[in-house]
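Below you'll find the structure, written out as structure tokens, and then a few comments.
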Amino acid sequence: MLRASLLLLSALLLLVNGRPAQAQDTPDRAIYVIMDGSGSMWGALPDASRKVEVAKAVLQDFVAQDFGDANLALRVYGHRERRNCRDSELVVPFGDATTVVPQVEAFARALNPLGMTPIAYSLREALTDMDGRAGEIILITDGNETCDEDPCALVRAWREQDIDINVHVVGFGIEAQERVALQCIAEASGTEYRDASSADELAAELAQIREEVVEEPPTEAEPSPPPSGGSVALTLRGVDAEGNAMLIEGHLVQDDVERFA
């Protein structure tokens, strides 16, 4: 009985100290990666390493990092057919890190770059996959759209429609003449375009994006002290010696509040 009364008293003291027990449910933002699996990913980087092998290794390390409560997903394009502008697949659906990491690792081992670069189509499919979620799309590509569409215009339309999705673009081992079109996508989304030409650079750019989009959990504020010299009225429900419910009324003065806090 004393324990029950103390628990109730503790709850009242939380209110006195300005800490009402209220759950704050905020929707998680989604992290959605679109990776280039087109035939050009077999190309070599300046250090002679293959783009696809580097990208797979960096991607596996990336998804294993701390994303808080955000869910991750992975889409890849150009990895199944040579001349198919609809060759884009959600290979890892949304899930937390414990679910996503082994799936990404398994897919990376089997990835065989092959086909086209349908960026606009992949972005439209990504919007469907997001299913109303707010969040971030990270596009890793070694080239421009090759399917006669305009991903820049698509992303610009998203902004005009107030779709709460940011598109981050990392050009990986691209030629200088291709940079302008990819920069246009990032600018249309209001993000910073990024270039990478090595494993270290790709890892660094992805880490920077993660740092920008993953919110750190808020630090719990210290409870406010009770009013100096004041008292707090309270009512407790108790039980008498015969088991009958009874009300217990009284006041907590400063010394009592400090003793129970």
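Heavy atoms only: backbone and side chains are in, while hydrogens, waters and symmetry mates are out.
- Using a 4.0 Å cut-off between a side-chain N of Lys or Arg and a carboxylate O of Asp or Glu, Asp87 and Arg82 do not qualify as a salt bridge.
- Under a 4.0 Å N-O distance rule, the pair Glu212/Arg29 does not qualify as a salt bridge.
- Screening residues 110-138 for ring pair (Phe, Tyr, Trp, His ring centres under 6.0 Å), with sequence neighbours left out, gives no hits.
- Taking a 4.5 Å side-chain heavy-atom cut-off between Ile, Leu, Val, Met, Phe, Trp and Tyr, the cluster of Tyr32 extends to Ile34, Tyr77, Leu90, Phe94, Ile119, Leu123, Leu127, Met130, Ile137, Leu139, Leu154, Val155, Trp158, Ile163, Ile165, Val167, Val169, Ile174, Leu182, Ile185, Tyr193.
- Atoms CG and CD, on Asn144 and Gln177 in that order, are 8.5 Å from each other to the nearest 0.5 Å.
- Look at Arg83 and Glu81 and you find no salt bridge, because none of the NZ, NE, NH1 or NH2 atoms lies under 4.0 Å from a carboxylate O.
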For residues 103-110, which side-chain donor-acceptor pairs fall under 3.5 Å, sequence neighbours excluded?
residue	atom	partner	partner atom	Å
Gln103	NE2	Thr99	O	3.0

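- Partners of Glu211 by side chain to side chain contact (heavy atoms under 4.5 Å, CB included), not counting sequence neighbours, listed by chain and number: Gln208.
- Counting only distance, with no hydrogens or angles, the side chain of Glu205 and the backbone of Ala196 share no donor-acceptor pair below 3.5 Å.
- Under the side-chain hydrogen bond (donor to acceptor under 3.5 Å, both in side chains) criterion, Asn166 pairs with Glu136, not counting sequence neighbours.
- Every side chain to side chain contact (heavy atoms under 4.5 Å, CB included) that Cys184 has, sequence neighbours left out, goes to Cys152, Arg156.
- Taking 4.5 Å as the limit, every side-chain heavy atom of Val170 sits out of range of all side-chain heavy atoms of Thr141.
- In this structure Arg124 satisfies the side-chain hydrogen bond (donor to acceptor under 3.5 Å, both in side chains) test together with Glu149, sequence neighbours excluded.
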Step by step, would you call Arg75 with Ser88 a side chain to side chain donor-acceptor pair (under 3.5 Å)? CA-CA 7 Å; Arg75 172 173 288 273; Ser88 180; 3.0 Å; yes
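- Leu111 has its side chain within reach of Met35: a pair of non-hydrogen atoms, C-beta onward, lies under 4.5 Å apart.
- Remark: Thr98 engages Asp96 in a side-chain hydrogen bond (donor to acceptor under 3.5 Å, both in side chains) (not counting sequence neighbours).
- There is a path of hydrophobic side-chain contacts, each under 4.5 Å, that joins Leu59 to Trp42.
- Residues satisfying the side-chain hydrogen bond (donor to acceptor under 3.5 Å, both in side chains) criterion with Ser40, sequence neighbours excluded, are Ser38, Asp142.
- The shortest distance between side-chain heavy atoms of His168 and Arg194 does not fall below 4.5 Å.
- For Ala203, the side chain to side chain contact (heavy atoms under 4.5 Å, CB included) criterion is met by Val58, not counting sequence neighbours.
- Inter-residue side-chain proximity for Met41 and Asp36 is flagged as met; some heavy-atom pair is nearer than 4.5 Å.
- Counting only residues at least two apart or in different chains, salt bridge (charged side-chain N to carboxylate O under 4.0 Å, His left out) contacts with residues 170-184 comprise Arg179-Asp195.
- Asp200 pairs by the side chain to side chain contact (heavy atoms under 4.5 Å, CB included) definition with Ser198, not counting sequence neighbours.
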